[in-house]
Enquirer: 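Take a look at this one; I'll ask things after.
Computed from a predicted structure; not experimentally measured. These numbers come from the heavy atoms of this one structure, side chains and all, not from hydrogens, waters or symmetry mates. In listed order, ligands and their atoms are each counted from 1.
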Amino acid sequence: MPVGGPRTPLRVAIIGSGPSGFYSAEHLLSQDDVNVQVDMFDRVPTPFGLVRAGVAPDHQKIKSVTRVYERTAADDRFRFRGNVEVGRHIDHADLMEYFHAVIYAVGASADRRMGIPHEYLPGSHSGPEFVAWYNASPLDRARTYDFSGFRAVVVGNGNVAMDIARMLVLPAEELARTDMARHAVTALAEGSVREVVMLGRRGPAQAAFTPKELREVAERDDVDVIVHPDEVALDPHSRHDAEQHPDRNRDQNLEILRELAARGDRGRDRRIVMRFLASPVSLHGTNHVEAVEVARNELYRGDRGALRARMTDDREMIPTGLVFRAIGYQGVPIAGVPFDPLAATIPNEAGRVIDLLDGSPRYGEYAAGWIKRGPTGIIGTNKPDAQETVETLLQDLRAGHLQRRVPSRRVLARLVGERQGDLTSWADWQYLDGVEQEMGAEVDAPRIKFARVETMMRFLGERGGS
Ligand code: NAP
């Protein structure tokens, strides 16, 4: 009986329940000519990856993409197995034994290093971890932040840096009406941060944030966005590029930044100061961050024409006790799966994992999303990315590379249940989802998120079986 035929379903494990995992599942389940079963694993009890733990709490509309994922999960060939961690409860070898194919859609859960002295002094925090903390990720619940100072510095000029800056200056009443973790709403409300300095190492024309996100803060009446006129003026290289190569995002960003520079300081008591051509050189402090030493940069044309930043001797100190490093996410290796340490991705060809050294294909092993291509793009970017991976998988199926006998789903369920008693199903998530929304309705918020696995398990236990 061929795998994928009526009596022998193609059994696929998808590791990670974020956008790339769900788009992979959707594409697999949409194949009319292949009998397929999808088991999706996540290390936390709840689904949706960065849609739940990354997208900013005040961006509810973006989160409504989960309705599409819910339709996929409603397919009776789909199973969700939450609170199951690969490398702890189940490993790569198990997955290869129990499934015809495994798609790693695990994202990029670590953050990049700045590579400067005292980078990790207390008071200096990973931006991605902070985002996960205020979004109620149970993996990050125990972190603590000191918001008692007036100023925070956010290193980076991407949308994550912008999200963090916004969360730090939004008034508490507004945060309380979002689905921000209650521990974060309380801590921020009790804090005194009133100024956030964002440090962009290159110029305004190279900023990685998008105009929509910039406009969102620029249009607030209760927050000043301060841009120094001399930093928004383009250097000759950027001017040349702006004249030669039109780019809508860049041009809109520049227009808004020029307006902001002209508008100046309106004297609001909360402000975001956007600095450009400014790189942290070192963090200073004895037992805790007390200041960021910043170098002024200049741009030069590097390899392949890209504009790069290099430091000048011009230095300044920005006093602060709170630093967030929002300079990008980074993939982490999975035991037993090839990993390219330079790109921090799983080496692959159109989603099929390949051996790092000789490039030979590893049939049955696939990657999708950030761990496949690196941490770039918006949620929608993951759809074509995941479809490409699934097409590669199906090509391998048709070529006979996935023809093996694997144990039935029942056997797999027993194994997982033995290894992790507290696993969650889709029905469990639907119950938790309902409770979160009910609790939110009482305080005029979209939901109150569970931030601890124990609490989720207690609620599920009290409901009476799953
Ligand atoms: P990102 O867009 O890649 O931005 C990273 C920023 O960090 C860049 O400005 C980069 O500058 C800077 N950087 C890197 N290394 C640095 C260093 N050593 N020193 C100083 N600055 C450094 O990454 P991200 O903000 O983490 O976002 C990840 C992805 O998620 C992006 O595709 C983003 O658009 C997306 N996202 C979207 C939204 C949204 O749509 N609202 C929200 C959040 C995230 P260079 O350009 O000079 O390298």
Enquirer: Any side-chain donor paired with an acceptor under 3.5 Å for D385 and S20?
Expert: no
Enquirer: Taking T392 for the side chain and E388 for the main chain, is one N or O donor matched with an acceptor at less than 3.5 Å?
Expert: yes
Enquirer: Can you tell me if R308 and N297 form a side-chain donor-acceptor pair at under 3.5 Å?
Expert: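 There is no such pair (donor and acceptor under 3.5 Å, judged by atom type) between the side chains of R308 and N297.
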Enquirer: Can you list, by chain and residue number, every protein residue with a non-hydrogen atom closer than 4.0 Å to ligand 1?
Expert: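 Residues V155, G156, N157, G158, N159, V160, D163, R201, R202, A208, E213, A326, I327, G328, Y329, W370, P375, T376, G377 each place a heavy atom under 4.0 Å from ligand 1, listed by chain and number.
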Enquirer: Parallel under 30°, tilted from 30 to 60°, perpendicular over 60°: which one fits the rings of W426 and F22?
Expert: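 If you compare the ring of W426 with that of F22, the planes turn out perpendicular.
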Enquirer: Using a strict 4.0 Å threshold on nitrogen-to-oxygen distance, state whether R301 and D241 make a salt bridge.
Expert: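 So R301 pairs with D241 through a salt bridge.
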Enquirer: So, do Y69 and F80 have ring centers that fall under 6.0 Å from each other?
Expert: no
